[in-house]
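Note: hydrogens, waters and symmetry copies are ignored here, and every other heavy atom, side chains too, is used.
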Amino acid sequence: MKLIAGVDIGNSTTEVCISQIDSEGKMRFLSSSSRATTGTKGTVANTAGIIDALGNAMEKIKKPVNELSLIRINEAAPVIGDTAMETITETIITESSMIGHNPSTPAGAGQAAGMTIYLEHLSEGREETPYIVVAGSGTSYDEIAKTINQHAKRLFIVGLILQADEGVLVENRLDRKLPIVDEVKRIHDIPEWKEAAIEVALAGQTIRMLSNPYGIATLLKLNAEETRAVTPIAKSLIGKRSAVVIKTPHGNVKENILPAGEIRIHAKEDCIVSIDAGADKIMEVLAGAGEVQDISGQKNTNIGNMLEKIRSGMGELTKEQAGEIKITDILAVDTLAPVMIAGSLAGETCMEKAVGVAAMVKTKQLPMEKIAEELKKQLHIYVKVAGVEAVMAALGALTTPGTKLPLAILDLGGGSTDAAIIHEDGNVAITHKAGAGELVSMLIQTELGLSSRYIAEEIKKYPLAKIESLYHMRLESGAIHFFDEPVEPKYFGNVVLLKPDDMIILEDDIPMEKIVFVRKEAKKKVFVKNAIRALTEVAPEHNLRRIDHVVLVGGSAEDFEVPEMLMEEFANYKIVCGRGNIRASEGPRNAVATGLVLSYIGAGNDHK
């Protein structure tokens, strides 16, 4: 009797399958396990994760790891997926034109224009001049209100800008109601004795004047050229509850169009395409280029710097010169990215056009043999670098009930989307395409302006709900769910992630509908587009209608909505598509590890 382990080292996860082979050559699957991949896929750092996963799988059958006769690891294709993103345009609000806003806690309503004046200088004000008072956090709300009430008898005070979160407290103590914008963090950057305009919307509404360039022109008396220049300011304030715009004598807004650059696709005949043409055009040119040897970007441009950063980063990991590393595939995706506005008063950003790129990097070879040697040294067990992972995934997928040859698989991972077709005669066609789960997470993080990639990952994985009372929540589908017991008050009014055993509050103040839209669009841009181009490449005569069955495997095939998206898309080609259920028990996971064990039977005695 032999105990054999199949080990699949993925970009994100390392998976193990343990099998027993008796004296008659019959195989029986015993256990499986998975854990996060340690280090970059294909590097010696993977060994720690492999040993941990092996220990976990053997513990399930109450046996030590040293009872294994053989470990078979996947012959990973020499490709590594990486992602990057750059904005094509960048809007810079110079220090002479500043804006500030806080959408959650202003007070009062309406708009006003006037001269800025610090609270402590009100005694210097002139009677007929309209003033917008600026007050720092060093003065209490009670003192601010008292001072304004006192000077309002002589001066024409039309609005108030506060540093602290005290707009409502001040408003409640004023003799005459004013529009008040609070939580302007860098209030000391506001120049005094300059023209300014503020606006506060009614509850449940958003500003209308300062989010409109002509509205700003009306309040600040701008000419046509100045109105054109403030358009980026107006754009950045769309959807806000309150805002302030300050005009200085030399105020200007500079929109700096950075060179986006061109992509050069090195194939039988080189092709060049500009990033400005958009993601669809880039992918169209790539598809028509034929077999790609390398992809490079124009020097001293955004895309050139982006691709060289990926190339040099992979070179550091694989200990190769950057020139020896080839980018063999990219997936370009149009998106919007928040750009920090210089001169802002409250950390404002402006959404600008951006291109997200996932690149597939081919090195001379990934050191799988080095991983095997390191495992042998540490475990004293023979380790064999076995079949190509896409082929192994196809073998593993065949253990899904209801499948037969010929069979196509889509391996939806973290760094790449791989496709394979195994024909009845045993021939296999495979391809690796850049872009998968990690690119989806990056798009979600960027478009929602999240500070944490972890939160973006969680949003990708779980559905949402809005807690509308202590007794019910509205699901993202629109359905209402009632609780058996009242939830904790901390959940009330918040958008939450519905994890299997918990609800996680999303701290960022983003509407649930926007999060759902961004999440679904990111998955469609990456997984649906990539699935079609990968399967088209391996399909007979490159015709998707020649494929009958597609099994989805890999970590991203566990996603709660991606398989349904692909089923809907492939229905147009009359393809049967669904999540794999490896060995009728593992779901879409463990396909490669299972295939490695299965392939041992036909490989003969490959251990010493």
Side-chain angles (χ1 to χ4, degrees), residues 95-102 105-203 207-210 215-223 226 230 233 237 240-251 343-346:
E95 61 182 359
S96 54
S97 293
M98 294 187 286
I99 65 171
H101 71 265
N102 179 271
T105 59
Q111 61 260 331
M115 190 81 70
T116 56
I117 185 171
Y118 290 168
L119 184 73
E120 57 269 28
H121 295 159
L122 279 172
S123 59
E124 303 173 25
R126 299 176 181 177
E127 290 187 9
E128 296 183 359
T129 302
Y131 289 106
I132 294 175
V133 180
V134 180
S137 57
T139 308
S140 71
Y141 59 84
D142 200 47
E143 187 64 29
I144 292 171
K146 183 178 178 181
T147 304
I148 289 177
N149 285 334
Q150 177 186 341
H151 288 278
K153 297 171 183 177
R154 183 178 68 88
L155 299 177
F156 184 25
I157 297 174
V158 295
L160 181 59
I161 303 172
L162 302 177
Q163 185 176 27
D165 182 12
E166 297 177 343
V168 174
L169 294 172
V170 172
E171 184 196 32
N172 290 340
R173 289 160 176 77
L174 293 178
D175 295 336
R176 184 170 66 86
K177 302 304 179 186
L178 302 171
I180 303 173
V181 177
D182 63 359
E183 287 196 69
V184 177
K185 298 174 186 176
R186 293 188 285 275
I187 200 160
H188 298 297
D189 291 342
I190 295 178
E192 196 174 20
W193 314 114
K194 307 300 180 188
E195 289 294 322
I198 70 172
E199 181 178 7
V200 176
L202 293 168
I207 60 172
R208 301 180 65 181
M209 289 291 282
L210 295 185
I216 296 176
T218 301
L219 292 173
L220 295 180
K221 300 179 176 60
L222 305 181
N223 61 33
E226 289 171 325
V230 299
I233 289 179
L237 294 173
K240 305 306 178 186
R241 172 82 192 281
S242 65
V244 52
V245 176
I246 301 160
K247 179 186 177 184
T248 58
H250 304 290
S344 67
L345 301 178

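To the nearest 0.5 Å, atom CE of residue M209 and atom CG of residue L219 are 4.0 Å apart. The CH2 atom of W193 sits 3.5 Å away from atom CD1 of I117, with the distance rounded to the nearest 0.5 Å. How far CZ of R176 is from CD1 of I148: 10.0 Å, rounded to the nearest 0.5 Å. To the nearest 0.5 angstrom, I198 atom CD1 is 8.0 Å from L178 atom CG.
With hydrogens and angles disregarded, no donor-acceptor distance shorter than 3.5 Å links the side chain of S137 to the backbone of A164. Distance alone, capped at 3.5 Å, is enough to place a donor-acceptor pair between the N149 side chain and the D175 backbone. Judged by distance alone, the side chain of S242 and the main-chain N or O of E199 form no donor-acceptor pair under 3.5 Å. E171 contributes a side-chain N or O that, together with a main-chain N or O of G108, makes up a donor-acceptor pair within less than 3.5 Å.
Residues V170 and Y141 approach most closely at CG2-CB, 3.7 Å, considering heavy atoms.
The number of heavy-atom neighbours closer than 6.0 Å to CZ of R208, taken from other residues, nucleotides and ligands shown, is 12 or below. By the 6.0 Å contact criterion, NZ on K177 is enclosed, its count of non-hydrogen atoms from other residues, nucleotides or ligands being greater than 12. No more than 12 heavy atoms of other residues, nucleotides or ligands sit less than 6.0 Å from atom CZ of R126. The 12-atom threshold is exceeded at CD of E124, counting heavy atoms of other residues, nucleotides or ligands nearer than 6.0 Å.
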field: Stepwise side chain to side chain contact (heavy atoms under 4.5 Å, CB included) check, L174 with I180
entry: CA-CA 11 Å; L174 293 178; I180 303 173; 4.1 Å; yes

Apply side chain to side chain contact (heavy atoms under 4.5 Å, CB included) to the pair R173 and D142, showing each step before the final yes or no. CA-CA 7 Å; R173 289 160 176 77; D142 200 47; 3.5 Å; yes

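Of the candidates T139, I161, V134, T139 is the only one forming a side-chain contact (heavy atoms from CB on, under 4.5 Å) with L119.
For the pair I144 and L160, the minimum side-chain heavy-atom distance is below 4.5 Å.
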